[in-house]
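We use all heavy atoms of the structure for the numbers below, so side chains are in, but hydrogens, waters and symmetry mates are not. As the structure lists them, so they are numbered: ligands from 1, and atoms in each ligand from 1. In what follows, residues are counted from 1 in the order of the sequence shown.
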Amino acid sequence: MRDNDWSKILGWTGYAVYQHEIDENAKTLKLWVRRKRGNRRLICSGCGRRIGELADVTEREVRDLPCFEYRSTVVIELYRVRCPDCGLKIEKVDQLPSKAPFSKRFEEAVGEACESASARRVAVRFRLPESTVRAIDLRYLERWSAGRRKPALRQMGVDEIYLGKKMKFVTVVSNLETGEPLWFGRERRKETLDEFFRSQLSERQRGRIEVACVDMWKPFQLSIEDWAPGCKIVYDKFHILQHANQAVDEVRRAEFFRKGGALRELVKGKRWMLLTRWVNLCDSDKQMLNELFRINRKLLKAYLLKESLERLWNYIYEGAMLRYLQSWIDQLRWQRLEPFQKLAVMLLDHLDGILNYCRVKPPLGVVEAINGNIKTLVRRGRGYKNLRYLLLKAQRMAATKTEFVALRKAA
Ligand SMILES: [Zn+2]
């Protein structure tokens, strides 16, 4: 085959193959390319300005997509330019997005593969070290992120997520309209959220936020009041039900420790069931829970209270919502369910933010879905040391809607 034919097959615009080498035993193909005669546009890779003159010539070898069974590399003739701003710099070439030894389309193939498989599996497939796959994926996502339009933030979600012993708590800010996470910050202090407002939004952008869905967590509330005073705070269903679940769990634990023997055995391993909604349980689970409830009335009561609290968000009128909450709290009387009494006090303390749901009606289930996606990513990726990488990954997931399992379940 002639070099001219290789140029066509390679398909790098503006470049021609002038030498090739095929190794049948190693199954490798190597192509040497240089600029076509008419291609004289030189661009500084530092600042992007056009440069008239080249300083010297150098060479770089990059891995490109395979050709049939042959692993392909391209040796490219590169120019260095003397830029008035950056000094001696390498020219910018579209097919070479970074300093790493890979072509742009090779990086894209790896990045796309990472969307549906773990870095470890992609590494095996492309015969690359796992750390290299992650680095390529990160660059792929950064390029995608830089090239897209970012919608305005009008409805924001703020949540904290626990990412294990090393990472501890991470604050997640998300856009509830697009269903994507916008920013991650370490820890969950007021200063954490302050940092988001300061570094990510202009004053005008902060003024445009209409509503923030948050947990009943004082530091976040204080930060929002400081930075976006016009925005309404909503304590949403997801967070409040999390607290209700915790109350059920506390009752379970108290009962578990108080009683011994048979009951202890019966309660064992039922934590997950108690925290699951009745409609999501299968028949055998329901039967097991019913047996447990027959013996322990307190657990039954706690479970019913949690289930009925959920109906609070069926009400679209403030007055009706308030009446329902009042009747829910009335049921606690004489029950001696300490954790639920504490929850009731908490709800009354945050009443305005609960009723705000009727006034603004932010979408339900989004914070929960984003949370679920992040946890899936972390589980699959076995730990992200780089928060930026995790954020981009979660954004891409939301944008391509590859995995909105939790949202579908909630809807
Ligand atoms: Zn420059």
Hey, does the side chain of Asn356 reach the backbone of Arg359 with a donor-acceptor pair shorter than 3.5 angstrom?
no
Go through the side-chain N and O atoms of Tyr70 and Glu24 and say whether any donor and acceptor fall under 3.5 Å apart.
no
Verify whether one side chain among Ser223 and Asp194 offers a donor that lies under 3.5 Å from an acceptor in the other.
yes
For His239, the ring-ring contact (aromatic ring centres under 6.0 Å, His included) test, sequence neighbours excluded, returns none
Applying ring-ring contact (aromatic ring centres under 6.0 Å, His included), name anything that partners Trp328, two or more places apart in sequence or on another chain.
none
Within less than 2.8 Å of the Zn ion (ligand 1): protein N, O or S atom count:
4
Suppose we screen for salt bridge (charged side-chain N to carboxylate O under 4.0 Å, His left out). Which residues come up paired with Glu191, at least two apart in sequence or across chains?
none
